[in-house]
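Everything numeric in this text was worked out from a predicted model, so none of it was measured. Order of the sequence lines fixes the chain letters, A, B, ..., with proteins taken first and strands second; residue numbering starts at 1 for each chain.
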2 protein chains.
Amino acid sequence: MAVREPRGRGGRRPTLEQVAERAGVGRGTVSRVINGSPRVSDRTRALVEAAVAELGYVPNTAARALAADRTDAIALVVPEPERRFFAEPYFSEIIQGVGQALAETEVQLLLTFAGGHKERRRLAQYLGAQRVDGVLLVSVHAGDPLPDLVDQLGVPAVISGRRSADERLPSVDSDNFGGGRAAVEHLVERGRRTIALITGPLDVYGARRRHEGCLAALEAAGRAADPELVAAGDFTEEGGRRAMAELLARRPDLDAVFAGSDVMAGGARLVLREAGRRIPQDVALVGYDDSVIARHMEPTLTSVRQPIAEMGREMTRLLLDEIAHRSADRPASATGERRQLVLATELVVRDSS
Amino acid sequence: MAVREPRGRGGRRPTLEQVAERAGVGRGTVSRVINGSPRVSDRTRALVEAAVAELGYVPNTAARALAADRTDAIALVVPEPERRFFAEPYFSEIIQGVGQALAETEVQLLLTFAGGHKERRRLAQYLGAQRVDGVLLVSVHAGDPLPDLVDQLGVPAVISGRRSADERLPSVDSDNFGGGRAAVEHLVERGRRTIALITGPLDVYGARRRHEGCLAALEAAGRAADPELVAAGDFTEEGGRRAMAELLARRPDLDAVFAGSDVMAGGARLVLREAGRRIPQDVALVGYDDSVIARHMEPTLTSVRQPIAEMGREMTRLLLDEIAHRSADRPASATGERRQLVLATELVVRDSS
DNA sequence: CATCACGGTGGGAGCGCTCCCACCGTACCG
DNA sequence: CGGTACGGTGGGAGCGCTCCCACCGTGATG
């Protein structure tokens, strides 16, 4: 007759204590071996490792977290209200990168959905309740209070994309300036004379940098920046349509368009087609993001690729670094380490230009 | 001069004990209030709640997990080696659904990447080490040992898609049979006479069911299933190309194609175009999945939509149910509850048919 | 008026681990 | 040859919570 275990499922797992007994050593020694302390003799270490293997011992996360005040978990905070965030491959790729960086460690990834303002406040509380060792914040809005809230709570955090030129928090960004510049340089090289620009919302730092890159490329090519050739979009397809219609009305002679996102480029394409302009013969079109849309558009869309998976990877590394430093009582922020990363973008040339 | 806290960041958070003292009650009573036990008088409850609010108390997850042997977290196991999994919106949508279902609860979502076979084994260990209360398994292969491993460990699990007709584990599937049938019915209604089928790998249960649905629709329309009009693909674009070329060689008179996935439909489209067939005038094309590709293909692709987000939601509900039942010492598996869900699919008609 | 039942409550024990202090022995020093 | 240093080790204390048992008071019961 099977004896019923006190509680829980599938029988109790072995504890540190049991491993210690089996190896004929003390609890502290086993703990030292498990945690890779150098202060253990080789003989003892081998003994303990054998016992661990025999018993199939796995440390209890909860107990460790409670005793050591460290969870070996980080959270990726997802701004859920934005469906856009899910629709674009951005999300998947970021997670892919995070997963890769985490694979080399014992750290777990927690997904947290931050909805409205109250939920964000609740989230902040939870973060304070030692649920995770650090936080990855993606797709942060300019005026979002969350990053600073998290920072004040003393929770290590890394954000994707700087919110401004003088970002204080550790961050990983892609080279928006270089990306915008490369797109326009490409159009110039292709012999395009009248290049129109559809920008993203300019209060978003990344969108503004893209635009500044475009302007720099134009200037380098000896062309004056023409306000008639610039229209602001809002990263939506509809916004791209509106901007394109506007530009076409003002300057029917344009022969190239750079849109600050693929989605806006998609909207622009529809307007161009309706106006009877052929792509790329009459008008060259370049987008930004190198999203799925770009590869499946007709014609396929030239676009600027951001290394999103790599951003996820670097964000994670930065965060793990910060966590390690803080637990060693010397925040990386105080060691003058580089905590702002900017990764290169790449122009992917396809049929639309 | 600020007194340095013993350890950890940002000062200690209030504990149950402190709340108890503040409220002038015992520790047990506070615990009861926090956990919503009915065995507390209204007066006392109000007292405790006030103290909780004043102190901004949040229970320590680790301590609770240790004491109660329950983590209030579930894991979504992601089969990482498949890049396909990330590329398709499947992943994002599943997570979206899971997030929605979890939003109503206090349960956290852990993302676990299961790479090769050893990593899966390691994963199984961790699952046993009370890291999570349950597991969501997505995109499970036919011969994958993981589901049974998890089950043997006694960890509640729900899988997406049945592995066979007599799936034992709780699962949420979409109506692949109905989806395949609807696609072919649609082609029949459109007056197509010679309907070719590109199947997925038939050892994948879902793919086989789709195919069986197709055959059922053909039979219902009084058409014999013609082996010449069936070719097997492997869910890749290249596989779709090969299958389409084969079909076209065998039956140049075909006027409709159903592909078991949008990606294969994409491959088929290229071959059809090269062969000078117009879509939909000469050949109607229908895909499956209603992925981003479908919306951006030229012409836009008619496709069968699976309610993926809803599947994520239902999987989560099923899992939370199972967890609740088990902790109440009566597994849902023993109560004869329905643990296999099949959700309806929907045909989205676009320009390709 | 003693007895019982029961809603309501306090607090001990213990979950499995890390941290840290005490201690042991050996090697090296003056 | 006593003193000091130090690598190596054992185990007590405690992390913050839940569980459960003992207990208290009240009102119904015999």
Side-chain angles (χ1 to χ4, degrees), chain A residues 5-9 11-48 52 55 57-72 106 128-131 133 327-329, chain B residues 5-9 11-48 52 55 57-72 106 128-131 133 327-329:
Chain A
E5 296 293 337
R7 67 178 172 181
R9 66 196 179 216
R12 296 250 65 72
R13 311 223 116 230
T15 70
L16 239 205
E17 190 102 39
Q18 287 165 33
V19 174
E21 192 182 2
R22 176 88 168 214
V25 300
R27 229 172 48 250
T29 302
V30 177
S31 176
R32 258 166 246 134
V33 172
I34 298 292
N35 293 291
S37 159
R39 307 176 114 356
V40 183
S41 71
D42 289 349
R43 222 183 65 82
T44 310
R45 181 184 310 277
L47 235 51
V48 172
V52 165
L55 263 45
Y57 170 74
V58 182
N60 180 312
T61 326
R64 173 176 287 180
L66 182 58
D69 195 27
R70 139 181 88 88
T71 61
D72 288 326
E106 299 283 77
Q130 15 295 36
R131 212 181 260 270
D133 295 337
S327 69
D329 248 336
Chain B
E5 296 293 337
R7 66 180 171 180
R9 65 196 179 216
R12 296 249 65 72
R13 311 224 115 229
T15 70
L16 240 205
E17 190 101 39
Q18 288 165 32
V19 174
E21 193 182 1
R22 176 89 170 212
V25 300
R27 229 171 49 249
T29 302
V30 177
S31 177
R32 256 166 248 134
V33 172
I34 297 293
N35 293 292
S37 159
R39 307 176 116 355
V40 182
S41 71
D42 290 348
R43 222 183 63 83
T44 309
R45 181 183 310 278
L47 235 49
V48 172
V52 166
L55 263 44
Y57 170 74
V58 183
N60 180 314
T61 327
R64 172 176 289 180
L66 182 59
D69 195 27
R70 142 180 86 87
T71 61
D72 288 327
E106 300 283 78
Q130 12 297 37
R131 212 180 259 271
D133 295 337
S327 68
D329 248 334

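- Between D/dC17 and B/Ser31, no contact under 4.0 Å exists linking OP1 or OP2 to a side-chain N or O.
- At whole-Å resolution of the value, CG in A/Asn60 and C1' in C/dG16 are 6 Å apart.
- Protein atom CZ of B/Arg70 is 17 Å distant from nucleotide atom C1' of C/dG16, rounded to whole Å.
- In this structure, A/Asp72 places its CG atom 14 Å from P of C/dC17, rounding to the nearest Å.
- D/dT18 atom C1' lies 10 Å from atom CG of B/Leu66, rounded to whole Å.
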Only pairs under 3.5 Å count here: list side-chain donor-acceptor contacts from residues 18-34 of chain B, not counting sequence neighbours, and write none if there are none.
residue, atom, partner, partner atom, Å
B/Arg22, NE, B/Glu54, OE1, 2.8
B/Arg22, NH2, B/Glu54, OE1, 2.3
B/Ser31, OG, B/Asn35, ND2, 3.4

Can you name the atoms? Protein N/O to nucleotides 8-14 of chain D N/O, anything below 3.5 Å, with the distance.
residue, atom, partner, partner atom, Å
D/dT9, OP1, A/Ser41, OG, 3.0
D/dT9, OP1, A/Thr44, OG1, 2.2
D/dT9, OP2, A/Ser41, N, 3.0
D/dG10, OP2, A/Gly26, N, 2.8
D/dG10, OP2, A/Thr29, OG1, 2.5
D/dG10, N7, A/Arg32, NH2, 3.4
D/dG10, O6, A/Arg32, NH2, 2.9
D/dG12, N7, A/Arg27, NH2, 3.2
D/dG12, O6, A/Arg27, NH2, 2.6
D/dA13, N6, A/Arg27, NH2, 2.9

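- To the nearest 0.5 Å, atom CG of residue B/Asp69 and atom CG of residue B/Asp133 are 8.5 Å apart.
- In terms of heavy atoms, A/Val40 sits closest to A/Ser37 at CG2-O, 4.0 Å.
- If you measure from atom CD of A/Glu17 to atom C1' of C/dT18, you get 13 Å, rounded to the nearest angstrom.
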Quick one: do A/Arg131 and A/Thr71 satisfy side-chain contact (heavy atoms from CB on, under 4.5 Å)? Show the steps, please.
CA-CA 7 Å; A/Arg131 212 181 260 270; A/Thr71 61; 5.8 Å; no
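- Note that the OG1 atom of A/Thr15 and the CG atom of A/Asn60 stand 10.0 Å from one another [nearest 0.5 Å].
- Within the model, atoms CG of A/Leu66 and OG1 of B/Thr61 stand 10.5 Å from one another, a figure rounded to the nearest 0.5 Å.
- In this structure, A/Asp69 atom CG and C/dC19 atom P are separated by 10 Å, rounded to whole Å.
- B/Asn35 has its CG atom 9 Å from the C1' atom of D/dC17, to the nearest Å.
- In the helix from C/dC1-D/dG30 to C/dG30-D/dC1, the terminal helix axes, each the rotation mapping four pairs' C1' atoms onto the next four within five end pairs, subtend 60°, rounded to 10°.
- Picking from C/dC17, D/dC17, D/dC19 the nucleotide with the shortest atom distance to the side chain of B/Tyr57 gives D/dC17.
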